[in-house]
Amino acid sequence: MKIGILKEDQDRRVSLTPDTLAKNAQLVAQYLLEKDAGQSAGYADAAYGDTVSVHDRATILREADLIVSIHPPNEADLAQIKPQTVLVSLFQPYFDQEVSDRLRQRTLRAFSLDMIPRTTLAQAMDVLSSMASVSGYQAVLMAANHLPRYFPMMITAAGSIRPAKVLVLGAGVAGLQAIATAKRLGAMVEAFDVRKAAKEEVESLGAKFVEVAGARDDAGAGGYAVDQSEEFLQRQQQEVQNRATKSDVIIATAQIRGRKAPILVRKESIAQMKPGSVIVDLAASTGGNCELTEDQKIIERHGVTIIGNSNLAETMPQDASSLFSNNLMNFLRLLIVEGELQLDLDNEIIAGSYITP
Amino acid sequence: MKIGILKEDQDRRVSLTPDTLAKNAQLVAQYLLEKDAGQSAGYADAAYGDTVSVHDRATILREADLIVSIHPPNEADLAQIKPQTVLVSLFQPYFDQEVSDRLRQRTLRAFSLDMIPRTTLAQAMDVLSSMASVSGYQAVLMAANHLPRYFPMMITAAGSIRPAKVLVLGAGVAGLQAIATAKRLGAMVEAFDVRKAAKEEVESLGAKFVEVAGARDDAGAGGYAVDQSEEFLQRQQQEVQNRATKSDVIIATAQIRGRKAPILVRKESIAQMKPGSVIVDLAASTGGNCELTEDQKIIERHGVTIIGNSNLAETMPQDASSLFSNNLMNFLRLLIVEGELQLDLDNEIIAGSYITP
Amino acid sequence: MEAILQFFDNNLLLIYLLLFTIILGFEVISKVPSVLHTPLMSGANAISGVVIIGAIILIRQAAPDDYWTLGLGTLGVVLGMTNVVGGFAVTDRMLEMFKKKK
Amino acid sequence: MEAILQFFDNNLLLIYLLLFTIILGFEVISKVPSVLHTPLMSGANAISGVVIIGAIILIRQAAPDDYWTLGLGTLGVVLGMTNVVGGFAVTDRMLEMFKKKK
Amino acid sequence: MLTSFLNLSYLLGALTFVIGLRRLSSPDTARRGNGLAALGMGIAIIATMVYPFTDAPNNYLWIVVGMLLGGAIGWWSAQKVQMTAMPQMVSIFNGLGGACAVVLAMLELLSFYAGERSLDTGALFIVLLALLIGAVSFTGSLLAFGKLQGLVKDKHVYLPGHQWINIFFLIATIGLVTFLLVQGSSIGSIGAIVLMILTLVYGFSFVAPIGGADMPVVISLLNSFTGLSAAAAGLIYGNQIMLVGGILVGASGTILTVLMCQAMNRSLLNVLIGGFGGGGGAPSKGAVGDQVAKEVTRNDAAIQLFYSNSVMFVPGYGLAVAQAQKAIKELDDLLSANGVEVRYAIHPVAGRMPGHMNVLLAEADVPYAQLLDLDEANDLFANTDIVVVVGANDVVNPAALDDPGSPIYGMPVLQVWEAKNVIVLKRSMSTGYAGIQNQLFFHDKNRMLFGDAKKSLQALIGEVKSL
Amino acid sequence: MLTSFLNLSYLLGALTFVIGLRRLSSPDTARRGNGLAALGMGIAIIATMVYPFTDAPNNYLWIVVGMLLGGAIGWWSAQKVQMTAMPQMVSIFNGLGGACAVVLAMLELLSFYAGERSLDTGALFIVLLALLIGAVSFTGSLLAFGKLQGLVKDKHVYLPGHQWINIFFLIATIGLVTFLLVQGSSIGSIGAIVLMILTLVYGFSFVAPIGGADMPVVISLLNSFTGLSAAAAGLIYGNQIMLVGGILVGASGTILTVLMCQAMNRSLLNVLIGGFGGGGGAPSKGAVGDQVAKEVTRNDAAIQLFYSNSVMFVPGYGLAVAQAQKAIKELDDLLSANGVEVRYAIHPVAGRMPGHMNVLLAEADVPYAQLLDLDEANDLFANTDIVVVVGANDVVNPAALDDPGSPIYGMPVLQVWEAKNVIVLKRSMSTGYAGIQNQLFFHDKNRMLFGDAKKSLQALIGEVKSL
Ligand SMILES: NC(=O)c1ccc[n+]([C@@H]2O[C@H](COP(=O)([O-])OP(=O)(O)OC[C@H]3O[C@@H](n4cnc5c(N)ncnc54)[C@H](OP(=O)(O)O)[C@@H]3O)[C@@H](O)[C@H]2O)c1
Ligand SMILES: NC(=O)c1ccc[n+]([C@@H]2O[C@H](COP(=O)([O-])OP(=O)(O)OC[C@H]3O[C@@H](n4cnc5c(N)ncnc54)[C@H](OP(=O)(O)O)[C@@H]3O)[C@@H](O)[C@H]2O)c1
Ligand SMILES: NC(=O)c1ccc[n+]([C@@H]2O[C@H](COP(=O)([O-])OP(=O)(O)OC[C@H]3O[C@@H](n4cnc5c(N)ncnc54)[C@H](O)[C@@H]3O)[C@@H](O)[C@H]2O)c1
Ligand SMILES: NC(=O)c1ccc[n+]([C@@H]2O[C@H](COP(=O)([O-])OP(=O)(O)OC[C@H]3O[C@@H](n4cnc5c(N)ncnc54)[C@H](O)[C@@H]3O)[C@@H](O)[C@H]2O)c1
């Protein structure tokens with residue numbers, strides 16, 4: 001079986017790294033690497049060694065039996081791919097609802113990594129988690145870099161600096177990592193979320209949980225958040241408004257699967273924030289938790305820097321690639337048995353991620 | 001007495017902040033603020049309140065009896081200033097050796113804040129310390145932001161990430177703050193310096209000290225480093241080379257007062273570093289500790305990002321201004337007694353910083 | 001009452017001794033770490049087998065043909081000796097794991 | 001030797017008592033926190049003033065005209081009483097600072 | 001001269017008892033203390049054997065045979081008994097000591113009633129006391145043994161209203177003793193026999209309603225009874241070592257009983273009375289359906305840890321919830337200082353976010369070098385003495401390897417059961433994130449230590465410090 | 001009947017002594033223990049007073065006058081003495097007890113030599129023992145008092161080769177006692193007088209070479225001597241309470257002496273012999289030039305902290321060097337748990353970099369709310385019971401305020417001397433970064449606790465836990 005590794009277009013990461021391949025030689029396969037695919041992540045073509053052959057994109061699209069990438073190949077690429085080829089990527093069918101139809105039309109078989117169920121068992125393949133974790137970490141670093149103030153408290157000869165207040169909205173994977181990182185840097189951290197379990201999770205990192213009473217429970221939603229009542233959302237926004245005006249940094253990560261992100265920080269709240277404060281909105285790609293967020297942009301409004309970026313993992317390409325690559329490989333090892341594709345639809349993970357049945 | 005506050009040219013900080021002025025109303029003076037001087041640091045003109053009048057630069061240069069700024073006024077500005085005016089700024093006479101002559105020629109009286117002796121007593125006015133502290137903190141954040149890897153160790157479902165190794169060269173104020181910040185973020189930190197006391201100081205932050213035997217002692221140099229023997233420097237570079245090739249991040253802060261910074265990281269060492277590694281060179285303005293550093297630039301060489309910037313304090317303008325401002329005010333309170341300039345040359349601090357006697 | 005006081009005055013030292021022994025028994029134990037509760041109980045139990053001495057004295061002083069006393073006394077010796085030997089041995093085994101390292 | 005053994009057998013209970021008292025004395029102190037060393041010393045010192053009882057007995061049994069014995073005995077009472085009263089009082093003062101809060 | 005020798009031996013013996021007990025109460029000296037007491041006992045026995053009683057027929061054969069027999073039985077059973085069955089063993093030995101006192105007292109009484117010996121009321125009282133205490137101790141110990149050994153189920157011996165039965169026995173015993181004292185020798189040996197039977201039954205009944213879990217406390221109490229009966233026998237024979245030894249055991253046994261209750265956070269009365277009412281104790285915390293996970297006490301856990309060579313901590317989400325990171329590090333430091341090799345096995349998905357455990361342990365300053373990842377740890381478990389699982393669950397679930405029906409089948413887990421012993425610290429038997437039961441908890445090698453992880457760790461720290 | 005009453009009173013008294021001593025060894029019960037022993041003593045004295053000796057002339061007037069006099073002196077001096085002079089006071093009381101024994105023994109001997117009373121060799125030996133031990137204790141205690149009170153300088157009483165002098169005294173005493181025993185009453189009262197003088201001198205000489213700093217140990221030793229002499233007197237009078245009380249004090253005094261030596265990390269022999277050779281002890285650590293900073297022991301410091309209402313820590317560079325941040329937090333937690341209000345005063349330039357203390361304390365998880373900056377702290381010192389300066393120096397130097405010649409004159413500092421007490425933890429008297437001496441160390445309110453900050457804090461933690 002020939003596995004093609006594409007170079008990402010607007011992303012410095014790569015989907016498979018040399019280390020992963022070296023550790024998983026038992027996966028009987030032939031790897032075709034697009035030229036300079038790993039370059040920007042710190043993995044030169046040479047690092048992949050002899051077992052991997054380097055080609056141009058067209059060759060790979062044409063010849064590979066299975067093509068891996070982080071972002072899905074574009075339409076032009078798809079046109080070049082031979083039928084029945086297997087694609088593994090983040091197709092995000094929740095946002096691009098026709099994607100499976102398009103792929104099926106071309107008789108391609110596609111697995112979307114973001115559709116892997118978030119069970120304990122599947123965690124080793126859960127790229128959403130590993131990338132969210134990177135994002136959460138980077139979000140705090142970015143905020144710290146943009147904040148014109150210190151994070152930690154400092155009592156110095158030139159005056160006493162009070163610790164920065166960081167508010168984390170949404171305590172999923174990214175949110176938790178953001179909490180941990182901000183705490184490490186010495187900030188006072190509070191967080192909130194609508195999931196019941198979130199309180200314990202937040203407190204398990206030593207941060208303060210902001211409770212807004214009356215959240216709708218999420219039992220049965222598989223760990224994902226559910227829609228909340230209008231009245232609740234209002235009270236929540238009230239609370240966020242209160243906290244936001246007192247915060248130096250807001251890290252917004254609240255998302256609801258397959259829907260627009262909830263707006264948690266309204267214009268008015270932003271206007272009341274201290275000048276220089278920073279909002280990092282990781283939910284930007286689905287509309288953002290902050291009303292003023294513009295996706296993929298760093299803007300300043302009312303003296304507040306608003307960073308809209310849902311792909312911060314890309315800013316830490318080396319480790320992010322390595323994590324992605326390990327996740328992906330764990331998935332491939334499920335998919336490929338002794339060099340053959342094994343489409344075991346009884347397997348929850350395979351069935352869940354197979355978007356072109 | 002009229003005190004003029006200039007807006008900085010290439011710097012987001014401001015030399016006096018509203019908070020400082022509010023807290024020091026007892027200093028009988030009239031403040032003339034250049035328009036938008038504090039804007040970029042988060043201090044709008046309005047924040048300065050009624051006691052401060054806002055003017056254009058020319059007016060201030062013309063009318064003020066005492067002019068404060070972070071960077072010295074340029075020649076054009078100087079030409080506009082009336083004789084006998086007192087200037088307080090960072091003139092850096094060690095680097096710009098003719099500055100005092102130039103000022104004296106214009107019969108201006110100048111105090112250079114960087115010349116304040118670094119005694120325990122003068123610490124409250126020691127802008128070098130407070131700014132270096134900001135720089136050390138920001139250097140680590142910047143490095144973390146540029147490093148394509150995590151700082152902390154992470155054992156995750158997508159593989160284990162080893163902690164980043166951070167090497168801090170020069171354990172002065174900036175170096176120590178860098179050590180503390182990098183440790184907070186979870187990196188493994190080692191540091192070295194030629195001062196004897198540095199070992200204890202580094203260890204007092206829980207980091208490892210890299211010893212290179214045979215350093216020349218510095219007793220009597222007032223805490224500043226002294227030149228080292230050629231042979232020692234060679235062994236040191238050897239050691240740095242060893243450590244550097246194993247480091248993910250190098251924060252270079254080694255400086256010798258009034259001289260070119262020692263080159264501690266040679267080209268060859270950089271070539272051997274892991275791709276993606278980051279060097280932040282705070283000594284850039286005096287030549288840099290790293291052979292390839294280019295001042296005020298972020299470059300990539302051999303896959304290593306080299307950030308040359310001696311003015312990182314500027315990237316955290318709000319707190320940096322506030323600290324600077326407090327330092328400056330402490331100095332002014334020494335200089336101005338009941339609204340009158342008190343040129344007490346018996347005072348070590350005043351005498352030390354008075355560069356146009 | 002008179003008799004008790006009489007007894008008290010006559011056995012003053014014995015009473016001092018009894019009281020002091022009781023206090024000593026309390027004292028000696030009062031700060032034992034709970035990890036030692038069972039071994040200590042076992043050791044104390046072995047000591048309570050001291051009653052065997054009574055059985056020995058009894059037999060030694062019994063008439064050689066008083067089989068009733070001899071038999072029961074020997075039963076007492078067997079019981080007491082089991083208690084003593086078993087008690088100390090079992091305690092020792094329990095305490096083996098406290099052997100100092102190195 | 002014979003005399004000593006004789007003494008031993010005759011005063012068996014007394015010897016038990018002495019030995020047990022000594023052990024008790026050791027035991028009772030053996031785990032005192034060092035903050036209590038001085039008060040404890042002081043308290044023990046007060047107790048050693050029990051010798052005053054000897055002086056009282058002496059005087060009560062002395063002839064009323066034996067001024068020598070009476071005088072010296074009274075000296076003994078004064079000394080002993082000073083030791084007892086002063087000792088306990090001083091200990092109490094030292095221990096005042098251990099008063100429980102709240 | 002020879003009397004002096006006997007007296008001296010007894011004095012020596014008594015001293016070794018005191019000092020032996022003293023040393024038994026500190027781990028460092030306990031073993032030597034036990035040896036010392038044994039030595040003293042030996043000296044006393046030998047002295048008793050060789051002292052030339054005037055006109056005594058001696059009957060050495062009987063004695064030696066009895067001693068050899070008893071010694072052999074005692075030694076043999078002490079060697080055979082399993083470490084886990086120690087309390088039972090102690091109980092049975094204790095019962096035998098009580099029985100010995102019964103025998104002595106009965107002989108004394110029989111000859112008294114037969115008119116061969118005269119006893120004044122005081123002496124008679126003491127003999128009766130030896131009899132009754134010894135008898136209660138005897139049957140009580142036997143029943144305690146049975147319960148601990150699992151031969152007798154609590155419910156088999158517990159009668160409704162048992163507390164009234166026991167009160168009746170108590171009154172009956174006191175009444176009978178008073179009666180016998182008043183009657184003197186006139187009543188004949190039947191009185192003694194009735195008293196013996198009554199108290200034997202009373203001993204059994206006394207222990208019957210007390211829950212199996214409280215048996216150690218009961219044994220300790222019965223042990224102090226045996227001591228008292230030995231002391232009473234000592235008074236009969238005017239023998240100081242029996243007197244002193246018995247009193248010592250009586251006193252220390254009593255205080256030990258109280259301490260044991262304290263360690264269980266209960267009062268002695270509560271154990272005895274509570275048992276009266278409860279009839280069998282509360283169901284174990286470790287029970288899930290039919291299966292019951294075995295528990296370990298904090299002190300046993302502490303001993304195991306302290307005297308092991310290598311310990312592996314397996315932190316999980318519970319560590320984070322309990323915010324026990326500093327406590328785990330403190331325990332680590334204490335153990336390390338004693339030469340125990342301490343490491344941490346970090347499962348990739350332990351906690352609730354990637355690197356959760358790393359964040360916590362870094363906060364507590366655990367050096368990176370001590371952290372092992374999954375593969376490293378799995379290689380090492382077989383050579384690890386004790387694994388301490390702190391609030392982890394799914395990541396140590398063997399179902400991932402051996403239960404194809406399990407939702408986590410196929411996930412790599414930390415195979416802690418490969419280690420020699422496992423101790424799991426968690427609050428209850430509830431499940432973890434994945435919501436599935438964990439067979440590890442019922443594994444032979446595993447013991448549960450229930451409670452909040454931080455509190456449990458702090459308790460362990462306290463115990464280890466007291467060692 | 002009345003004898004029983006006397007015996008019972010004595011028994012009760014003896015028991016209160018035992019229990020009193022027991023309680024004295026735990027802080028919670030110490031005060032009541034002392035009261036109990038005092039009560040027992042009172043009962044024993046009253047019983048002795050009222051028991052009707054057959055044909056006794058009683059002479060109550062003498063006794064009552066003596067008791068009132070002694071009681072008044074004792075009470076008055078106990079109330080007047082300063083807290084810091086307690087050991088001296090104990091010493092002098094102890095000496096008086098010894099003197100009392102001397103008086104009793106001398107009276108006994110005088111009547112013996114006058115032929116008014118007969119004593120067998122054993123009894124004579126015991127009387128001589130009471131005399132000699134009491135005498136040594138008497139003069140020894142007086143000298144110890146003098147040394148502690150500063151009335152006698154070590155060098156004034158120390159003779160070259162003093163150890164030989166003492167050995168000579170020892171041999172002479174033994175020789176004389178043997179001689180007196182052999183001679184019996186034939187020698188006349190001169191023998192007793194010579195022995196008394198000899199042993200009085202010996203007591204003085206015994207203490208002479210021992211360094212002033214070791215006096216508490218010596219007092220404890222002499223105290224156990226007094227106990228023994230009381231016990232000997234008890235044997236003379238056949239009086240159990242004197243016997244038991246004396247023996248108790250003798251035994252516990254001995255063990256206490258050993259414990260005190262251990263707490264000083266020395267052996268008893270070392271104190272006694274070391275003194276023999278050393279003649280005056282090592283110079284104090286706290287001496288700089290003419291000035292001597294006063295030290296505090298760890299246990300005194302711990303008591304002060306534990307029983308205070310508010311404590312302010314002042315961390316400095318030494319905290320960082322010692323990496324004592326976790327230790328300070330642990331002590332904080334312990335004190336807070338006891339209701340002490342704990343805060344931290346952070347000087348702006350403490351440490352070696354801006355925010356140095358913040359970094360460390362954040363690492364140890366000290367909540368930000370507990371950190372006070374310079375102005376906040378200076379406002380609070382006056383209401384703070386104890387300031388604990390942990391490895392800070394320049395930042396608490398009063399010279400900054402009151403010594404215009406000082407290089408740091410004008411710098412704002414933490415005015416810790418405004419608090420009720422200050423304890424400084426550092427390793428020596430060396431200077432800090434600025435290289436200037438610190439008058440705070442010699443301040444009346446200040447006490448030094450020398451040693452590495454982490455070790456000292458850990459020692460304090462240990463002491464506080466034992467309270
Ligand atoms: N790492 C990640 O990125 C991530 C993200 C999301 C989900 N997960 C999932 O989370 C699970 C992690 O496994 P795990 O073993 O760490 O945790 P776990 O399986 O969730 O088990 C945690 C255990 O800790 C105990 N516990 C909770 N609070 C405690 C306290 N205060 N003191 C003592 N024990 C306490 C609970 O039992 P008691 O209630 O009986 O005390 C519980 O059984 C995996 O299933 C994983 O898939 C991981
Ligand atoms: N904060 C800043 O930015 C900065 C930067 C540079 C210089 N400084 C200067 O540093 C000084 C700071 O004052 P400070 O009071 O914090 O420190 P300091 O005046 O330097 O005094 C520190 C004291 O700690 C003691 N010490 C050192 N190691 C110890 C250990 N292991 N255990 C216990 N004690 C130990 C030392 O005494 P022993 O040797 O007797 O133990 C020393 O006297 C000021 O003079 C300041 O101007 C500050
Ligand atoms: N099975 C596994 O082992 C596994 C693996 C990864 C994640 N998970 C779980 O899945 C869950 C979601 O993780 P994620 O990071 O991908 O979530 P996400 O990115 O979908 O959402 C981020 C967070 O935002 C929260 N949120 C949604 N609406 C909100 C609102 N209106 N206000 C505040 N917060 C709001 C969500 O509750 C969630 O915690 C988490 O509970 C995580 O623990 C489980
Ligand atoms: N009196 C005060 O209270 C006070 C205030 C501020 C700073 N200081 C002291 O002044 C000193 C200098 O501080 P700074 O940060 O301004 O110094 P700096 O910026 O001049 O130099 C930074 C560090 O580089 C080191 N260095 C020089 N040559 C080196 C070489 N070849 N290799 C390695 N390291 C080399 C120096 O020793 C110094 O520690 C420090 O000791 C600091 O504690 C004192």
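Chain letters run A, B, ... following the sequence lines, proteins first and then strands; every chain starts at 1. Values below: every heavy atom of this structure, side chains too, minus hydrogens, waters and symmetry copies. The model shown is predicted, which means the values in this text are computed figures rather than measured ones.
With hydrogens and angles disregarded, no donor-acceptor distance shorter than 3.5 Å links the side chain of A/Glu201 to the backbone of E/Arg352.
For E/Lys445, the NZ atom sits in a packed shell: over 12 heavy atoms of surrounding residues, nucleotides or ligands are nearer than 6.0 Å. Dense packing is recorded around NZ of E/Lys329, with more than 12 heavy atoms of other residues, nucleotides or ligands lying under 6.0 Å away. The neighbour count for A/Gln26 CD, taken as heavy atoms of other residues, nucleotides or ligands under 6.0 Å away, is above 12. The environment of CZ in E/Arg298 is sparse: at most 12 heavy-atom neighbours from other residues, nucleotides or ligands sit within 6.0 Å.
Between A/Lys183 and E/Val359 the shortest side-chain heavy-atom distance does not fall below 4.5 Å. Residues A/Ile179 and E/Met353 are not in side-chain contact: their nearest non-hydrogen atoms beyond the backbone lie 4.5 Å or more apart.
For E/Asn358, the part lying near chain A is the backbone, with the side chain staying farther off; criterion is any non-hydrogen pair under 4.5 Å. Within the 4.5 angstrom heavy-atom criterion, no atom of A/Leu323 approaches chain E.
Closest approach of E/Ala362 and A/Arg184 over heavy atoms only: CB-NH2, 3.3 Å. Nearest heavy atom pair, residue A/Val173 against residue E/Pro354, reads CG1-CD, 3.6 Å.
Interface residues of residues 406-413 of chain E toward chain A, defined by a heavy-atom distance below 4.5 Å and sorted by number: E/Pro407, E/Ile408, E/Tyr409, E/Gly410, E/Met411. Contacts between residues 312-325 of chain E and chain A, counted as heavy-atom pairs separated by less than 4.5 Å, involve E/Tyr317, E/Ala320, E/Val321, E/Gln323.
Of the residues listed (E/Val395, E/Asn397, E/Asp394), the one engaging A/Thr120 in a side-chain contact (heavy atoms from CB on, under 4.5 Å) is E/Asp394, and it is the only one.
Note on A/Gly206, A/Ser129, A/Ala124: by heavy-atom pairs under 4.5 Å with chain E, the leading option is A/Gly206.
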